[in-house]
Visitor: 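I'd like to ask you about the structure that follows.
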Amino acid sequence: MKAGLRRGGRAVSLLGGPLAAVAVGLILLAPVAGFLLVAISPRAFGQGSSWFSLASFHSALSGTMSQALLNTALTGVGAAVLAAVIGTALALLLGRTKVLGGGVWRLGIWALLLAPSYLEALGWTRLVEPDGVLVQIFGINAGWLRSVVMGPVGVIWVLGSRGVPFAFLAVSGVVAGLGRDFEDAARVHGAGTWSRLRITIGMLAPGLWAALAIVFAEAISDYGVAATLGADARFPLATFSLAAAVTNFPADYPTAAAVGWLLMLLVVFAMLAQRAATRGRSYAVLSGRTRPVSQVPLRGRRSAAALAGLGVFFLLALGVPTLGVVSASMLGQFGALSARSFTLDNYRQVFQQSSLLAPVMLSLRLAVITATVALIGGVLVARFLARSGGKGRGKAAGVLDLLMLGAVALPSIVLGAGYIFTYNLPLMNTLGIHLYGTLTLLTIGLLAGALPAASRLLVGSFSQLQDSMLAAARVHGAGTARAWSTTVLPLVSRGLLWTWLLTFADRFLELPLASMLYPPGQQPLSVGVTKLIVNYDFGVGTASLVVACAGILLVIGLGLALFRLLAPAGWHRLEQR
């Protein structure tokens with residue numbers, strides 16, 4: 001029987017290894033590789049007369065394109081620094097102190113993570129515009145606030161606050177395992193509060209640099225802010241310029257590909273900076289004798305200051321944009337300068353008009369399909385990577401892991417442009433592949449964007465599992481399905497649930513891939529909302545967005561409730577250990 005188990009394991013490894021690497025490469029990177037190559041060899045793809053040329057990079061580094069790239073780099077740095085500072089402060093505050101409402105603040109961080117960037121951008125835009133919420137409801141024409149929001153400061157704030165959850169997660173993991181020994185030693189030698197804080201921040205350097213790199217990559221790759229706040233403020237960003245080069249007529253694929261190269265180069269620079277900053281230094285501060293950190297209760301002025309800081313941040317990051325979106329969705333025709341213009345007519349139109357409800361249902365269907373398929377694929381990839389770790393790591397596992405890491409760092413706008421370019425080539429028609437302009441291509445694109453993140457989320461859970469558990473179950477007569485359901489599934493069930501929920505929420509309101517790949521007459525919700533806003537139908541557009549966000553919260557709540565009700569009691573006990 002043991003020999004049979006070994007043969008079965010080898011068969012699964014052969015099936016899940018090279019084939020998975022090839023499949024991921026073909027689905028994820030082959031279309032993008034062809035798109036990027038057109039920047040260097042336009043003639044090879046019928047986009048010019050030169051077999052080798054760098055003219056597209058000259059175009060990308062001149063005129064408005066160069067300004068967009070410069071704006072992107074500067075706002076990326078500003079957003080990364082802002083998010084790292086706020087995220088580190090939140091990680092220290094919530095991880096080392098007992099602050100009133102700690103669970104509520106953590107829930108706010110998750111809300112920021114789930115909310116699309118263009119939601120916050122639209123909220124601020126509708127709040128401060130000349131005919132926006134401040135004017136119509138409160139009669140306040142805050143020109144100074146409008147000039148701040150509709151410019152680089154507003155873009156940096158939205159991108160930075162959007163990146164705070166990533167920074168918080170990167171730093172909080174280090175804070176959770178950080179002992180008290182060094183701080184106690186500093187206190188014994190007379191160090192004050194700020195000196196001890198400086199020591200603590202020094203030990204947090206790996207998490208800090210990871211936060212800077214992650215938020216910078218997320219900020220420069222963001223399309224939602226570039227297409228809403230950046231476009232309204234006439235503050236060009238690289239992702240919006242790239243999309244315009246692809247979707248305009250005639251399309252300028254070589255220049256768009258050059259911009260894609262430069263965006264990825266900026267991400268590489270950020271990763272190299274992170275590596276250089278931490279290389280050659282030891283951050284091994286934990287040992288078997290390290291004492292765990294006990295949370296210190298905050299009282300008096302410290303508690304008031306902490307609550308004030310938390311309140312101000314979440315008010316500006318979540319409260320104000322939510323007020324802008326919800327208020328705009330309940331206003332009638334813009335121009336009525338009284339609170340009596342509040343109405344639910346916009347919501348009635350969303351639910352009563354099939355043309356408005358159809359994008360919601362389409363996005364719901366696409367999100368369910370892609371989240372489910374990405375979860376299945378993520379389990380297979382994570383299981384293979386976890387089993388192939390250590391000294392026996394095979395070449396297929398190394399290639400697959402590299403492909404997944406590269407796909408995670410790949411901007412969605414570049415992925416969408418690659419799909420448009422590749423599946424619109426005459427070669428595809430010759431081969432009988434007619435995916436361009438179909439819902440199938442949009443589904444594949446959404447799946448390609450979701451699979452890498454899902455697999456990375458699950459690798460940690462599957463890395464903790466030992467094959468001996470499955471082998472023991474099989475030895476005692478359990479079949480493959482029963483062995484997995486009784487040994488593996490209880491241990492990874494909550495991770496599987498959260499991976500599906502996060503993927504669903506992300507794909508439901510995904511904008512860059514949806515805006516580039518949707519077929520005519522079948523626009524997803526995110527595209528429908530942006531089109532309504534562009535056509536000055538602000539009430540219905542924001543009402544559609546509110547309905548979508550409420551739907552996401554309902555699905556998450558329903559998923560967690562069903563897990564609590566239907567999952568066996570033993571699964572919950574395992575999760576609590």
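No experiment lies behind these values; they were computed from the predicted model shown. These values consider heavy atoms only, across backbone and side chains, with no hydrogens, waters or symmetry-generated copies.
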Visitor: Measure the shortest side-chain to side-chain distance between Leu61 and Met65 over non-hydrogen atoms and say whether it is less than 4.5 angstrom.
Guide: no
Visitor: Assess whether atom CE of Met428 is packed by more than 12 heavy atoms of other residues, nucleotides or ligands within 6.0 Å.
Guide: yes
Visitor: Going through the checks in order, is the side chain to side chain contact (heavy atoms under 4.5 Å, CB included) test met by Phe52 and Ser41?
Guide: CA-CA 5 Å; Phe52 178 79; Ser41 181; 5.8 Å; no
Visitor: How close do Ala79 and Ile156 get, heavy atom to heavy atom, and via which atoms?
Guide: N-CG2, 3.8 Å
Visitor: Would you check if Thr239 and Asp222 make a side-chain contact, meaning some heavy-atom pair closer than 4.5 Å?
Guide: no
Visitor: Keeping to residues at least two apart or across chains, list the side-chain hydrogen bond (donor to acceptor under 3.5 Å, both in side chains) pairs with something in residues 360-373.
Guide: Thr372-Trp500
Visitor: Can Asn346 and Ser329 be counted as having a side-chain donor-acceptor contact under 3.5 angstrom?
Guide: no
Visitor: For Tyr436, which residues count as a side-chain hydrogen bond (donor to acceptor under 3.5 Å, both in side chains) partner, sequence neighbours excluded?
Guide: none
Visitor: Would a distance-only check, ignoring hydrogens and angles, find a side-chain to backbone donor-acceptor pair under 3.5 Å from Ser221 to Glu218?
Guide: no
Visitor: Which heavy atom of Leu509 sits nearest a heavy atom of Pro116, and at what distance?
Guide: CD1-CG, 3.7 Å
Visitor: ring-ring contact (aromatic ring centres under 6.0 Å, His included) with Phe235: which residues, sequence neighbours excluded?
Guide: none
Visitor: Output all residues satisfying side-chain contact (heavy atoms from CB on, under 4.5 Å) with Thr228, sequence neighbours left out; order by chain, then residue number.
Guide: Tyr118, Ala121, Leu122
Visitor: In chain order, what residues pass the side-chain contact (heavy atoms from CB on, under 4.5 Å) check against Thr322, with sequence neighbours excluded?
Guide: Val326
Visitor: Output every pair passing ring pair (Phe, Tyr, Trp, His ring centres under 6.0 Å) with a member in residues 507-533, not counting sequence neighbours, ordered by first then second residue.
Guide: Phe504-Phe508
Visitor: Which side-chain N or O atoms in residues 159-170 pair as donor and acceptor under 3.5 Å with protein atoms at least two apart or in another chain?
Guide:
{"residue": "Ser161", "atom": "OG", "partner": "Glu120", "partner atom": "OE1", "Å": "3.2"}
{"residue": "Ser161", "atom": "OG", "partner": "Glu120", "partner atom": "OE2", "Å": "2.8"}
{"residue": "Ser161", "atom": "OG", "partner": "Trp157", "partner atom": "O", "Å": "2.8"}
{"residue": "Ser161", "atom": "OG", "partner": "Val158", "partner atom": "O", "Å": "3.1"}
{"residue": "Arg162", "atom": "NE", "partner": "Ala115", "partner atom": "O", "Å": "3.2"}

Visitor: Taking the side chain as every heavy atom from C-beta outward, state whether Pro524 and Leu442 have any atom pair closer than 4.5 Å.
Guide: yes
Visitor: Identify the two heavy atoms, one from Thr503 and one from Ala454, that lie closest to each other, and give their separation to 0.1 Å.
Guide: OG1-CB, 4.3 Å
Visitor: Could you check whether any side-chain heavy atom of Val373 comes within less than 4.5 Å of a side-chain heavy atom of Thr443, counting everything from C-beta outward?
Guide: no
Visitor: Is there side-chain contact between Leu366 and Arg507, with at least one heavy-atom pair below 4.5 Å?
Guide: no
Visitor: For Tyr253, give me all partners under ring-ring contact (aromatic ring centres under 6.0 Å, His included), at least two apart in sequence or on another chain.
Guide: Phe421
Visitor: Would a distance-only check, ignoring hydrogens and angles, find a side-chain to backbone donor-acceptor pair under 3.5 Å from Ser327 to Gly324?
Guide: no
Visitor: What heavy-atom pair brings Ala60 and Leu69 nearest, and what distance separates the two atoms?
Guide: O-CD1, 3.3 Å
Visitor: Go through the steps for Tyr419 and Ile444 under the test side chain to side chain contact (heavy atoms under 4.5 Å, CB included), then give the verdict.
Guide: CA-CA 9 Å; Tyr419 273 68; Ile444 294 174; 3.7 Å; yes
Visitor: Who are the side-chain contact (heavy atoms from CB on, under 4.5 Å) partners of Leu74, not counting sequence neighbours?
Guide: Leu70
Visitor: Does Thr499 have any side-chain hydrogen bond (donor to acceptor under 3.5 Å, both in side chains) partners at least two apart in sequence or in another chain, and if so, which?
Guide: none
Visitor: Side chain of Thr88, backbone of Val85: donor and acceptor closer than 3.5 Å?
Guide: no
Visitor: Would you say the side chain of Asn71 lies within less than 4.5 Å of the side chain of Pro236, judging by non-hydrogen atoms?
Guide: yes
Visitor: How far apart are the closest heavy atoms of Ala543 and Val350, and which atoms are they?
Guide: CB-CG2, 4.1 Å
Visitor: Residues in side-chain contact (heavy atoms from CB on, under 4.5 Å) with Ala39, at least two apart?
Guide: Ser56, Phe57, Ala257, Ala258, Trp261
Visitor: Any non-hydrogen side-chain atom of Pro254 less than 4.5 Å from a side-chain atom of Ile40?
Guide: no
Visitor: CH2 of Trp124 to CG of Leu229: how many Å apart, nearest 0.5 Å?
Guide: 10.5 Å
Visitor: Would you call Leu362 and Leu525 a side-chain contact if the rule is heavy atoms closer than 4.5 Å?
Guide: no
Visitor: Write down the atom of Gly224, the atom of Leu511, and the distance for their closest heavy-atom approach.
Guide: CA-CD2, 3.8 Å
Visitor: Test of understanding: with side-chain hydrogen bond (donor to acceptor under 3.5 Å, both in side chains), list the residues that count as partners of His434, not counting sequence neighbours.
Guide: Asn429
Visitor: In sequence, state the C-alpha distance, the side-chain angles, and the governing distance for Val414 and Val259, and then conclude on side chain to side chain contact (heavy atoms under 4.5 Å, CB included).
Guide: CA-CA 9 Å; Val414 177; Val259 174; over 6 Å; no
Visitor: Could you go through Ile369 and Leu446, starting from their C-alpha distance and side-chain angles, then the distance that decides it, and tell me whether this counts as side chain to side chain contact (heavy atoms under 4.5 Å, CB included)?
Guide: CA-CA 10 Å; Ile369 292 173; Leu446 292 174; over 6 Å; no
